[in-house]
Structure formats: C-alpha cells, structure tokens
Amino acid sequence: VKAGARHAVGRLAEFPQGRIRLVDVDGRSIGIANAGDTVYAVLNVCPHELAPVCEGALGGTMLPSTQGDADYGLEGRILRCPWHGYEYDLADGGRAAFTSFRGRVRLFDVTVEDGTVFVDVPRRRVRDT
Amino acid sequence: VIDCDVHCAPASLDALAPYLDPYWLEYARNAGVQLHGLANAYPPVARTAPVPAAVEALEPAVLGRADVEHVILTCPALFEVHRNPYYAAALATAVNEWLRHEWLDRDERLRASIAVSVSAPDLAVEEIERLAGDERFVQVLLPVRAEAPYGNRRYHELLRAAARHGLVVGVHAWGGIGAAALPGGKVHSYLEDYLGNHVTVQSQLLSLVSEGLFVEIPDLRVCLLECGFAWLPALLWRFDKDWKGLWPEIPWVTEPPSSYVRRHVRATTSPAPLAADSDESRAFLELLDAELLVYASDYPNVHGVDPETIETLLGDAAPAVLADNARSLYRRLASVVP
C-alpha cells in the first residue's frame, strides 16, 4: 500500500462487530471499529494525553438524565480511552461526549468494497530540513 | 456591610423556658442535657468573647458599626442535641421563637437562620414551613458534621423546602454529637477537631454537586459558614478535571462541577487564611475569585479579617464581598419586612 491513498486494511469479516482492532497504515497505528452499520477508522492517539485510545473499549455511555433514570445509550459508537476514561462519539466526528473537554479523536474515511475495508489516510507532511 | 455569620445562643435552658414545651423542659432537666453555645468550641485561651446571649451584647462590635446593613444570626444551640430527633425538633422551635422575640423584634437590621432537627428531616421541613412566612428568617442552619452527606436522598425534601421559600442552606462549622469531626473518623485532639471543619465541608460540597442537587433544585443556594475557603481553588480544579473522565458515573451533572459551585455556593470570609496585607494574600484572592466570598465577622470568634482589611486587599472588588454577593445570595434580604 502507498501513502496518501486508499489503503486496504483487511476483510470486513476480520473485524468483529462491536470491537476495535489495531492496524498499521504507513507506520501509523489506526483502530478499525466495526459498529455494525458503520465502520470507523480512528488514529490511535487520545487528544487528551496522547494515550493509545484505541486500546480502550467500544460501547455506549450514560446519557444526561436525572438520578434514578439510569438512561444508557449511543451503543456501539462511544470509544472510551483506557487511561482517563474520556469518551469520544465516533458518530459525531469523534468529539468528546457530554463534557467540557473540546478535543476529538482523529477519524479517517472508510469504505467497504466487496468485503474489503479501505481507509483513506492522507500523506504525512514531511519537513524539508 | 452585610455580616453573614454572627453567633448567638441562649445563656442557659432557662432562657428558652418560655418557648419550650414543659414536657421537653422536664426531659432536659432530668437528663442533665445542656445547650451547646459554641463558647465551649474554643479553648479557654482563645481570642473570643462569650457567645452573645442578648442583643445588647452585639453592641458595639457588630451593630455599633455605622455601615452595617444586615446581620445574619446563627444560633448553634442545637448542635449537640441531635441524637434525640424529637427533642431537637422541640428545641429548634423554642430557639426560633427565642430568636424572633428576643433578637429580630429588637433590631430591624437583624436576620436569622432557622434552627432545625437535622436527624429528623421531615420535622425540619415542618419547622421550615411553619416559619417561612417570616421574611426575617433568611437561612436554614445545618451543621457541617452530619450523619450522612447532605447530597443523600434523606435530605432532599429538606433542601427542597428551603429552596422553595428562597431560604439559603447554611452549612456551619461543628456539628451533631456523634458525628465525626473528620470524614475519615473520630479524633481526639482539639487541633484536628477545629481543622476538621475545613476538611468535612469539602465532602459536603462534593456530595451536593455529585448527587445533582443543584440540577434537581435550581433555586438551591448554599452558604458555607465558618468552614474556610482556602481549599476551594484546589478542590474545584481537581473536581472539574476528574469529572471530565468520570462524569458517566454522575450523568445528571452535565456541566463542570465548578460551574454549579459558582452559581449556587458561597463561603464566608471567616476564618480567613490571609495575612493582613501581603502580596501572597492578593495572589491567592486572584486565584480564588472573590465572587465566591461573602463577608462574615464570625463574632464573637476572632479568626477572620475585618472589613477594612478586605478593602485594602480587594480594592474595587471589596464592595461585592462586603455586601453585594450576600445581597444576591440571600434573596430574602430584599423583602420588605413590616
């Protein structure tokens, strides 16, 4: 595979639904999250403290609610960082969900063709020096 | 100047006799139960006058100041009797009637805190309802040391009743007998007992915010009385930081915890961890945000700063701390009292 292009990262069947699995694309660690109806590609860096965010769990989260309501939702689209528990909503551009933290995880475009998962990863900018 | 914490207490049970049911008067005398005046909360050598037992004792130190607009009385006489919730409720009624007749009726600048039986929150609600019509009561007085943190469900109706009537919930240093001075447990030195107020109050604040009381009761206002304020910047910074990762545990808290504190909570200036006039004091006050403070002399105790020192330290921000912040916190102060 070449940088700055579509990269085939594997067969869809190799990415179990509800899980996130790490692949290497052009030297970058990227998590492929199979959320069932959508596949996300996430740069494995947490915007908070640069943790390997994709080693965290893919799941849902508590929705803002009053005490006793116990309202759970956004199943399958929340990525939870293993270091500090920051949660990112992959269906909302990777924004941190329901907190004052303004960071977001970096997402790449994903396409699935004939059962193969492709990720669009821009070419890395290289300094001239 | 609005002085948000001035103590008073009946000199003895006899002073409450006209207002206390004979059953409970007999109970107290037979059981040898004493009132708690807070005079005994400070060692004999402490710089403190006796707790005022009559309005004359507030002259000249408190009411003698020409610029005093209001003085909010706190009577801690119940703080040691909460073990018997029924006696505490009867005593609360007696204390409140004593406050009305022997204090509020004698000087129109005086306002008072409603004493309640904290171990019987339902009876506390009844007492709040009974007195809510008297606009001179501006606060409900709770001891900082309680049987459970005030965010606990058992206190929700009490807090709701206070908010419903525009009464501030005053959480005051010291507490009920049997309640530990420190969240970690009981201690045996006066030093720990005294400093424990500054520590325990932090657990009360954590509890009120985390249990979502300020979301559930948008009109709830809390004043932390005689519990210090130097700990606020460190606690609020850490509270906000850890909330960012742990909020799913308390999903009803949808804003950073410090924003609720800024909207709903104030702390009195006494005791103050401030040197009279120093660069360190100024730097600290900048870190804290003086918007969180309301002035209190804490009379007769001497561990705060006087209004003149506040003016020196805060300059333009002094009027807010000396009166304006209290005026917006205690909305009942704006009521016209006949």
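Order of the sequence lines sets the chain letters (A, B, ...), proteins ahead of strands, with each chain counted from 1. These numbers come from the heavy atoms of this one structure, side chains and all, not from hydrogens, waters or symmetry mates.
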Legend entry - Heavy-atom pair count under 4.5 Å with chain B, highest-scoring of A/Gly85, A/Ala96, A/Cys81: A/Gly85

Legend entry - Partners passing side chain to side chain contact (heavy atoms under 4.5 Å, CB included) against A/Asp24 (at least two apart in sequence or in another chain): none

Inset, instruction - Might you confirm whether atom CZ of A/Arg19 has over 12 heavy atoms from other residues, nucleotides or ligands at distances under 6.0 Å? - result: no

Inset, instruction - Tabulate, in ascending numerical order, the residues of residues 98-112 of chain A having at least one heavy atom closer than 4.5 Å to a heavy atom of chain B, or enter 'none'. - result: A/Phe98, A/Thr99, A/Ser100, A/Phe101

Inset, instruction - Under 4.5 Å heavy-atom distance to chain A, tell me which part of B/Glu255 shows up: side chain, backbone, both or neither. - result: neither

Legend entry - B/Glu286 CD: over 12 foreign heavy atoms closer than 6.0 Å: no

Inset, instruction - Could you tell me whether B/Glu249 atom CD has more than 12 heavy atoms of other residues or ligands within 6.0 Å of it? - result: no

Inset, instruction - Kindly check if the number of other-residue, nucleotide or ligand heavy atoms within 6.0 Å of CZ (B/Arg153) is above 12? - result: no

Legend entry - Sorted by number, residues from residues 61-72 of chain A in contact with chain B (heavy atoms, under 4.5 Å): A/Thr61, A/Met62, A/Leu63, A/Pro64, A/Ser65, A/Thr66, A/Gln67

Inset, instruction - Could you list the residues that satisfy ring-ring contact (aromatic ring centres under 6.0 Å, His included) with B/Phe214, not counting sequence neighbours? - result: B/His264

